[in-house]
Amino acid sequence: MTIASKLKEALLCMKAGRVTLPYPFEPHDPEEGFRGLPKVDVNKCIGCGGCANVCPARLIRVIDKDQSTRVLVFLYERCTFCGRCAEVCPEGAIEMTRDFELSTDDVHDDMIGEYHIFMGPCERCGRCYRPPTALDKLMKPGMREDTIDRKCPMLCPGRTEEKE
Amino acid sequence: MIRDWLIQKVLPRSLWVYHTNCGACNGCDIEVLDVLTPYYDAERFGIKVVGSPRHADALLVSGPMTRQTAPAVRRVYEAVPDPKVVFAIGSCATGGGMWHDTYNVLGGADQVLPVDFYVPGCPPRPEAILHGIATALGLTPKEVHALHAIQEADEVEIEELAEEQRLVHERE
């Protein structure tokens, strides 16, 4: 290697200029189509649990807290950001946001999503289900024991054959 | 007292890192490599990857903690001199990832080591790793927080849940 080639190399390096991103001090947005933290819009969610069904890391838990509240718990710390939950959601309630700055010192408290969704209780079996119309949804939630034996429109689809 | 002052003084200057792969798919390792390129340039914070845990201040763990690697990683952790910081890079190291309950995986890195900082992502972007390092060094604030939302019965309103309304979640 001669000195001339060294000088040529130095000139080439100077021509490139500064390439280092000033990232932690200035924001640097991800590129198009980046999948970040999935977030649930609780106003659109119908509580069908399809996201929990397809999640490969099995991080979505569907818990019926009481007879009219269904809780979706996202344990985000093992999310692989595959986007299957957003893909299968029939209402488009799950959105893959562009948040990627997820580093934390307490993963068990910070990386969790808890979404409480109002569901109607089936008046016969007492389990959560989505009322078919908005009018049914407006009915007072909660299991009423005096109406169990009565014919009632609030029956979940699995129990419709018992209606007759 | 003097020790704490020394830690505060010395550690933000230059953090020497030893990188351990305990069962990762190499995705996170590629991103760690990316952080060291001139484009992201972690060396401007004094980060340097060293070849021996005895030279390191910080331990970078990627991948789920498999049964085979757990004792070896434990030995690596004990070889790092005090004071030490443990970073868990990637979803597998933070919570076990897709393999959190398989027969040969113990879970995330926190099942075996006391992890100080978690960088979730599959794999995390190089920016995310840089953000984790910068958060650990106190250069940038923490961005993520727990999400709690409730849908009201009649008028749809998103409310913050009260502390006593939240469920207690136990990890398996």
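Residue numbers begin at 1 in each chain, while the letters A, B, ... track the order of the sequences.
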A.B. asks: For chain B, find which of C55(A), P30(A), S103(A) contributes the most heavy-atom pairs closer than 4.5 angstrom.
C.D. replies: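 Among C55(A), P30(A), S103(A), the one with the most close pairs to chain B is S103(A).
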A.B. asks: Given the rule in the side-chain contact (heavy atoms from CB on, under 4.5 Å) test, do L102(A) and Y118(B) qualify, once you have shown the distances and angles that lead to the verdict?
C.D. replies: CA-CA 8 Å; L102(A) 305 173; Y118(B) 300 87; over 6 Å; no
A.B. asks: What distance do L147(B) atom CG and E114(A) atom CD have between them, rounded to the nearest 0.5 Å?
C.D. replies: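 That separation rounds to 10.5 Å.
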A.B. asks: Does D116(B) have any salt bridge (charged side-chain N to carboxylate O under 4.0 Å, His left out) partners at least two apart in sequence or in another chain, and if so, which?
C.D. replies: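 None.
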A.B. asks: Evaluate side-chain contact (heavy atoms from CB on, under 4.5 Å) for E101(A) paired with V144(B), printing each intermediate quantity in order.
C.D. replies: CA-CA 7 Å; E101(A) 291 163 333; V144(B) 70; over 6 Å; no
A.B. asks: Once you round to the nearest 0.5 Å, how far does CG of D105(A) lie from CZ of F117(B)?
C.D. replies: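 Interatomic distance, D105(A) CG to F117(B) CZ, rounded to 0.5 Å: 5.0 Å.
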A.B. asks: With rounding to the nearest 0.5 Å, note down the distance linking CE in M98(B) to SG in C82(A).
C.D. replies: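 Spacing of CE (M98(B)) from SG (C82(A)) equals 6.0 Å.
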A.B. asks: Quick one, L59(A) with H100(B), criterion side-chain contact (heavy atoms from CB on, under 4.5 Å). Give me CA distance, side-chain angles, the key distance, then yes/no.
C.D. replies: CA-CA 10 Å; L59(A) 62 97; H100(B) 64 102; over 6 Å; no
A.B. asks: Is it possible for you to check whether R125(B) lies under 6.0 Å from the centre of the six-membered ring of Y23(A), through NZ or CZ, and within 45° of that ring's axis?
C.D. replies: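 Not satisfied by the 6.0 Å and 45° rule.
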A.B. asks: Taking all atoms of both residues into account, what is the closest heavy-atom pair of E127(B) and L21(A), and its distance?
C.D. replies: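 That would be OE2-CD1, 4.2 Å.
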A.B. asks: Taking all atoms of both residues into account, what is the closest heavy-atom pair of D109(A) and A146(B), and its distance?
C.D. replies: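 Reported closest heavy-atom pair: O-CB, 3.1 Å.
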A.B. asks: Could you state the interatomic distance from CG (D110(A)) to NZ (K142(B)), rounded to the nearest 0.5 Å?
C.D. replies: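 Reported to 0.5 Å precision, the distance equals 3.5 Å.
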A.B. asks: Considering only heavy atoms, which portion of A128(B) lies under 4.5 Å from any heavy atom of chain A: side chain, backbone, both, or neither?
C.D. replies: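 It is both, since atoms from each part get that close.
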